[in-house]
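Throughout, a chain's letter reflects where its sequence line sits, starting with A, and its residues are numbered from 1.
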Amino acid sequence: MTLSRRETLALGLGAFAASFVLPKIATAATEDAIAAFTGGAELGQGDLTLTAPEIAENGNTVPIEIDAPGAESVLILAAGNPNPDVATFNFGPMAGAHTASTRIRLAGTQDVIAIAKMSDGSFVEARQEVKVTIGGCGG
Amino acid sequence: MSKSVWLGGCAAAALMFCAPAIVTAQDDAADRELVINGEIEIVTEADAPAHLENMSTIRSGWTFRSPETQTMQMDDFDNPGTLGVEAAREAFSADLGNGESCAGCHESPEELAGVRAVYPKWDADAGAVQTIEMQINECITERAGAEAWGYDSGEMIDMSALMSFVSRGEAVNVAIDGPAAETWEKGKEIYYTRYGQLELSCANCHEDNYDNMIRADHLSQGQINGFPTYRLKNAKLNSVQGRFKGCVRDTRAETFSPGSPEFVALELYVASRGNGLSVEGPAVRN
Amino acid sequence: MAENVKPRVRVPSSASAGEVVTIKTLISHQMESGQRKDSEGNTIPRSIINRFVAEFNGETVVDVKMEPAISTNPYFEFQAKIPESGTMSFTWYDDDGSVYEDSQEITVG
């Protein structure tokens with residue numbers, strides 16, 4: 001395939017435009033998911049720790065951990081995925097500590113978001129950016 | 001046309017390798033020690049075997065991975081590669097299709113501990129160097145009289161993983177002299193031959209540039225002591241020769257096939273570059 | 001039912017009364033996201049485990065709603081409070097209606 005200079009430029013512009021449009025769509029879906037979980041309540045900062053690697057060697061299997069001592073439930077979102085929903089952890093009376101670890105899929109570098117519903121009905125948020133490397137060797 | 005392709009390939013090759021990234025996590029990662037389940041000590045760094053002319057130290061692929069990936073291999077529960085091992089344990093005593101089973105000859109998989117460490121190996125009856133997969137198929141067809149498994153099939157990769165699993169911690173020690181010498185030389189030649197539009201040999205990445213970054217990927221020495229390997233990328237066990245195929249394809253070449261004489265020779269040679277490291281499979285890699 | 005789905009759990013066999021213990025679970029499952037295409041370009045339909053529940057003597061430890069962004073071979077690690085001897089039970093719910101179960105006894109002594 002041969003591209004003229006004009007076509008190449010157009011492709012570049014398209015990618016440039018897409019880079020603005022796509023996160024907007026993802027953001028809307030993320031905001032909807034947050035609103036559905038919180039009922040529109042304000043998000044504070046508090047007793048919620050989200051641990052994720054700064055750099056993930058592969059986006060297909062990224063270990064994450066949440067620690068939310070006073071939480072009833074914790075919603076996990078990946079803002080840059082085609083569908084931002086990841087999981088919701090609901091802790092029951094026999095939970096020894098309100099912590100959990102799992103492995104998740106990230107479509108690219110993005111913020112992982114945790115929102116905890118605390119037992120007093122308030123909501124707190126934690127975010128962590130995970131850089132997902134696109135390897136040299138698909139193998 | 002051909003000129004622009006050549007130029008493109010040349011530029012790509014020149015740009016591909018970058019200086020080591022300054023990533024503290026990876027520096028730390030290189031200093032960790034691999035003990036599986038708190039009991040199986042794995043040698044992940046050793047003096048290079050005498051035949052290796054251009055390197056003084058050999059390192060398992062584990063030492064090149066991030067702390068998160070490394071940790072996943074330190075406990076068999078956390079390592080999803082052991083799912084394949086469990087499947088193979090069941091297959092070991094299962095009917096091979098004619099009423100026979102592996103267990104008909106071998107009391108348990110553990111009876112075969114240590115076997116993995118010396119493969120690929122010369123087989124006098126076959127008059128050729130055989131990989132463990134070829135040996136498994138020889139058992140299935142000649143001893144059990146059943147139908148052979150696909151060389152790179154899921155059941156074969158699982159059984160190969162079980163053979164590694166029961167040999168974990170044993171030092172890799174493949175023979176390169178005597179009747180195996182000819183195959184070993186052929187494998188060495190393949191290792192140093194540039195393939196594909198990118199004109200890359202195995203050595204270009206894994207001998208000349210290990211520890212450097214190839215785009216965002218931290219290049220290892222290409223050691224195969226951890227195979228079959230559970231890759232985070234495709235979330236399944238991958239065979240040695242399946243990985244070879246992926247590597248050669250990435251040079252934009254027509255690849256050899258798993259089970260081909262070329263890849264058998266290459267596997268013997270690459271295995272010999274890891275003589276002294278521990279059998280580690282099923283490992284976890286990116 | 002999805003093929004070759006096998007749960008495995010790690011639960012301590014004993015605990016002291018009121019002890020908090022670490023539980024690990026892993027289940028072999030493709031977790032087909034519904035985002036992938038086959039070689040002919042057709043979307044591979046979603047097929048995942050969508051819920052995981054851990055209970056001790058019938059009371060909830062953790063109840064997880066799972067989405068397609070959970071990796072292949074879903075893995076969970078969490079903590080349970082063990083006031084008395086009893087049974088840790090685990091249930092995974094598949095999109096296709098299958099339910100996978102496992103359980104293990106814990107003795108308080």
Which atom names give the shortest non-hydrogen contact between [X] and [Y], and what distance separates them?
X        : Y       : answer
A/Ile104 : C/Ile70 : CG2-CD1, 4.2 Å
A/Arg105 : C/Pro68 : NH1-O, 2.8 Å
C/Ser71  : A/Asn60 : OG-O, 2.9 Å
A/Met94  : C/Pro83 : CE-CD, 3.4 Å
A/Ala87  : C/Val64 : CB-CG1, 4.2 Å
A/Phe89  : C/Val62 : CD2-CG2, 4.1 Å

Please look at [X] and chain A and tell me whether the side chain, the backbone, both or neither of the residue comes under 4.5 angstrom of a heavy atom of that chain.
X       : value
C/Ser33 : both
C/Thr25 : neither
C/Leu26 : side chain
C/Gln35 : side chain

Q: Evaluate the side-chain proximity of A/Pro84 to C/Glu67: yes if any heavy-atom separation is below 4.5 Å, no if none is.
A: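 Side chain of C/Glu67 against side chain of A/Pro84, heavy atoms only: no contact under 4.5 Å found.
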(Q) Donor-acceptor pair, distance only, cut-off 3.5 Å: does the side chain of C/Asp63 make one with the backbone of A/Asn90? (A)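 Side chain of C/Asp63 to backbone of A/Asn90, a donor-acceptor pair under 3.5 Å: no, none is there.
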**Q.** A/Ser101 side chain vs C/Phe76 backbone, donor-acceptor pair below 3.5 Å
**A.**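 Between the backbone of C/Phe76 and the side chain of A/Ser101 there is no qualifying donor-acceptor contact (under 3.5 Å).
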Q: With a 4.5 angstrom heavy-atom cut-off, could you sort out which part of A/Ala100 is near chain C: side chain, backbone, both or neither?
A: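 Both parts, backbone and side chain.
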